[in-house]
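All remarks here apply to the structure that follows.
Chain A is the first sequence line, chain B the second, and so forth, proteins listed ahead of strands; every chain is numbered from 1. Side-chain atoms are counted along with the backbone in the values below, which use heavy atoms only and exclude waters and symmetry mates.
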2 protein chains.
Amino acid sequence: MATNIRDVAKAAGVSVATVSKVLNGYTTVNKQTKEKVLQCVRELQFRPNLAARSLVGRRSMTIGIFLTTGLAHPFFTRILAGMEQALQKRGYDLIYLAQMSWSKEYSLVRHCQSRNVEGVVVFGFDQGGADFGELIESRIPAVFIDLDIREGRAGYISSDNLEAAERAVAYLAGLNHRKISYLSGNEYSYANRQRLAGYRAGLAGAGLAWREEYVTKGDYTRETGYQAMQELLALPEPPTAVVCCSDMSAIGAIDAIRDAGLSVPKEVSVIGFDDIELAGYVRPALTTVRQDMMTIGRRAIELLDELIVDESLAPPEVIVPTELVVRESCGPAPAD
Amino acid sequence: MATNIRDVAKAAGVSVATVSKVLNGYTTVNKQTKEKVLQCVRELQFRPNLAARSLVGRRSMTIGIFLTTGLAHPFFTRILAGMEQALQKRGYDLIYLAQMSWSKEYSLVRHCQSRNVEGVVVFGFDQGGADFGELIESRIPAVFIDLDIREGRAGYISSDNLEAAERAVAYLAGLNHRKISYLSGNEYSYANRQRLAGYRAGLAGAGLAWREEYVTKGDYTRETGYQAMQELLALPEPPTAVVCCSDMSAIGAIDAIRDAGLSVPKEVSVIGFDDIELAGYVRPALTTVRQDMMTIGRRAIELLDELIVDESLAPPEVIVPTELVVRESCGPAPAD
DNA sequence: TTGAAAGCGCTAACAA
DNA sequence: TTGTTAGCGCTTTCAA
């Protein structure tokens with residue numbers, strides 16, 4: 001069986017209370033006693049049982065992560081990798097809340113409580129896709145990724161989508177493009193809405209008019225990217241440049257452009273979004289907006305830790321800068 | 001605060017013991033009492049506190065996952081996605097054991113015990129890279145992925161690497177290749193060793209001689225793939241076909257072939273391993289061995305569950321079949 | 001068929 | 001400065 005606090009107490013010749021005090025950093029312990037206890041802890045490789053500890057109201061050092069996107073999300077690994085260092089540094093383990101199914105029956109809050117989760121990271125929800133009222137009310141600290149919820153003890157973190165899209169448009173305008181389109185992602189996605197706003201701002205900044213028909217619908221996938229691009233190309237005045245909501249949709253768009261007998265970037269320039277691994281491998285290599293998902297993951301944990309530690313902390317909002325990665329899919333606007 | 005068993009007991013007008021019995025499926029409860037209790041549980045959305053439950057020796061419904069590869073591993077997401085369904089179905093949550101650093105101080109066993117983890121899946125270790133003696137001794141159920149440990153309550157699961165490499169060689173031999181090379185991954189990787197053995201078997205099956213110089217060193221990465229291929233091409237009698245230990249190393253090899261002024265598959269055929277997303281996107285698209293990581297993930301959880309539930313179960317060994325995905329990177333051997 | 005009570009490993013209030 | 005003890009939420013033995 002695992003060693004417990006009584007084994008340590010016995011070995012050190014003190015009471016369990018003393019061991020507990022040493023372990024919890026109380027200063028009212030004699031220095032020598034403390035040393036003795038610490039040594040026994042090391043020798044026995046004692047680790048307090050976290051179930052027992054959290055049962056008495058102490059910290060469980062557990063952070064939950066909750067997703068709907070499913071694990072298949074292209075970013076998930078990078079976010080997790082970013083979280084890893086922060087988790088280790090602050091002593092948390094991450095529990096993947098798999099027992100969910102977003103139904104009436106299921107309560108994320110209950111799940112967290114039953115597991116003594118100290119805080120939760122939520123990722124992959126669209127606006128209006130789920131009701132987080134219960135979570136907010138419960139006052140369980142929460143950090144949302146890519147969803148602008150900021151209330152009670154819940155805050156959020158996301159890339160600077162607005163600025164990124166604006167810059168993408170400006171970059172294209174600098175290449176003399178005047179017919180610039182935006183290939184949308186999921187309509188209710190916060191990130192997509194921000195990008196759309198950035199696109200609009202970029203247009204304005206470049207002195208270009210907003211054209212309803214230049215904004216298509218889609219859902220971030222290659223398939224809808226392909227389809228949307230086809231529609232764009234069928235327009236009386238097709239765009240010469242497209243800002244895409246994701247790299248996958250950009251790849252779909254490029255396929256459509258190619259299938260229409262046109263070339264990228266000669267006749268149409270394409271900018272992706274995300275900079276997934278694929279972006280550098282496809283031909284032409286994608287010029288794209290790089291999202292710093294490692295930083296987002298790391299900061300998410302840091303924010304959550306702050307929310308956990310400080311009950312009265314104002315709900316944070318963190319916007320992480322992006323980077324335009326110039327590769328081969330954009331070129332000067334073709335002469336009319 | 002969260003509802004507890006006493007709230008339920010009060011609401012149902014029974015004792016906590018009765019509620020507990022209902023919750024744990026005891027049959028010694030009056031049917032009406034049971035109904036009443038169940039209804040209160042639903043209404044209050046009661047979920048037993050798992051910390052308390054596991055403290056009294058009951059199940060924690062927690063499975064740990066432990067990696068050294070780091071999260072960046074290309075398969076990790078797919079494995080996790082495979083695990084997801086099995087976890088949900090069997091009622092487990094997955095805890096990512098982040099507090100590790102493979103040092104003398106750290107004890108995976110203690111970590112598991114302190115978190116009341118019922119079983120652990122281990123992924124990303126090379127043979128001899130770590131000592132799992134303590135884990136085996138502890139009798140904590142464990143399932144290793146891609147590492148052939150089978151002892152006590154620990155078993156493993158992996159792709160059929162041997163058969164896969166053998167088939168790859170046979171495929172190439174069928175294309176009339178007689179100078180077939182193996183581009184190695186990490187020397188101490190179990191998967192790599194199996195593939196090497198498969199390569200050898202394939203050679204034998206095709207009546208080809210083993211040539212020391214046709215087996216290179218590497219570590220699965222694009223960089224070492226590039227380098228190894230360069231060495232191969234510098235040989236007096238360079239191979240006309242290469243079986244690679246991974247898709248990334250295959251991509252590196254293709255780069256090297258191209259940089260040497262040769263073409264794939266015209267002058268050199270290349271087979272990858274894994275079938276990562278990229279494999280279908282590079283030019284030429286990679287012919288490769290597809291590993292079914294979703295199945296590996298799912299089965300890993302299922303195996304672990306069986307080990308947890310049945311104390312005396314023999315340590316399992318599961319080999320998952322692979323599939324040769326034929327794309328564009330292999331062709332007939334060039335005429336001499 | 002039900003309930004009272006002990007105890008899992010730990011922390012913290014209180015007493016010594 | 002140290003130890004005794006109650007109690008966290010739950011399960012389980014034993015008695016009713």
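- Contacts of A/Thr33 with the nucleic acid, taken as non-hydrogen atoms under 4.0 Å apart, involve only primed sugar atoms and P, OP1 or OP2.
- We find that CG of A/Leu23 is positioned 6 Å from P of C/dT11, with the value rounded to whole Å.
- When the P atom of C/dC10 is taken as reference, atom CG of A/Asn24 falls 11 Å away, rounded to whole Å.
- Checking the phosphate oxygens (OP1, OP2) of C/dG9, a side-chain nitrogen or oxygen of A/Asn4 falls inside 4.0 Å.
- Considering only the side chain of B/Ser15, C/dA4 comes nearest among C/dA4, C/dC10, D/dG9.
- Distances were taken from every side-chain heavy atom of A/Val56 (C-beta onward) to each of D/dC8, C/dA12, D/dT11; the shortest belongs to D/dC8.
- A/Tyr106 and A/Phe66 have parallel rings, their planes meeting at less than 30° on a 0 to 90° scale where 60° marks the start of perpendicular.
- In the displayed structure, A/Glu134 atom CD is contacted under 6.0 Å by more than 12 heavy atoms of other residues, nucleotides or ligands.
- Here D/dT1 presents its P atom at 11 Å from NZ of A/Lys21, a figure rounded to the nearest Å.
- Between A/Asn49 atom CG and D/dC10 atom C1' the separation is 14 Å, expressed in whole Å.
- Side chains of A/Ser159 and A/Gln291: a donor-acceptor N/O pair is present below 3.5 angstrom, by distance only.
- Between B/Lys31 and B/Glu35 there is no salt bridge, since no side-chain nitrogen of the basic residue lies less than 4.0 Å from a carboxylate oxygen of the acidic one.
- Nearer to the 5' terminus of DNA chain D, by closest-nucleotide assignment, is the contact made by B/Leu55 (compared with the other of B/Tyr26 and B/Leu55).
- Distance, A/Asn116 CG to D/dG9 P: 10 Å, rounded to whole Å.
- Here the side chain of B/Arg6 is nearest to one of C/dA5, C/dC10, D/dC8, namely D/dC8.
- As a whole-Å value, the separation of B/Lys10 NZ from C/dT2 C1' is 19 Å.
- The side chain of A/Thr28 lies closest to D/dT1, out of C/dC10, D/dT1, C/dG3.
- Where the helix from C/dT1-D/dA16 to C/dA16-D/dT1 starts and where it ends, the local axes point in directions that differ by 50°; five pairs per end, rounded to 10°.
- In the model, B/Arg115 has no side-chain atom that pairs as donor or acceptor with a side-chain atom of B/Ser60 under 3.5 Å.
- The distance between atom CG of A/Leu50 and atom P of C/dC10, rounded to the nearest whole Å, is 9 Å.
- Using a 3.5 Å distance cut-off with no hydrogens or angles, the side chains of B/Thr3 and A/Arg110 do pair a donor with an acceptor.
- Comparing A/Ala52 and A/Arg58 along DNA chain C, the residue whose closest nucleotide (by nearest heavy atom) sits nearer the 5' end is A/Ala52.
- Atom CD1 of A/Ile5 and atom C1' of C/dG9 are 8 Å apart (whole Å).
- Comparing D/dT11, D/dG3, C/dC10 by their nearest atom to the side chain of B/Arg53 picks out D/dT11.
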Decide side chain to side chain contact (heavy atoms under 4.5 Å, CB included) for B/Ser20 and B/Thr18; before the verdict, give the C-alpha distance in whole Å, the side-chain angles of both, and the deciding distance to 0.1 Å.
-> CA-CA 5 Å; B/Ser20 176; B/Thr18 304; over 6 Å; no
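- Minimum atom distance to the side chain of B/Asn30 is reached by C/dT2, of the listed C/dT2, D/dC10, C/dG3.
- Side-chain contact annotation: A/Tyr220 with A/Ser189, donor-acceptor N/O pair under 3.5 Å present.
- At C/dG3, one or more side-chain N or O atoms of B/Thr18 fall inside 4.0 Å of OP1 or OP2 (strictly under the cut-off).
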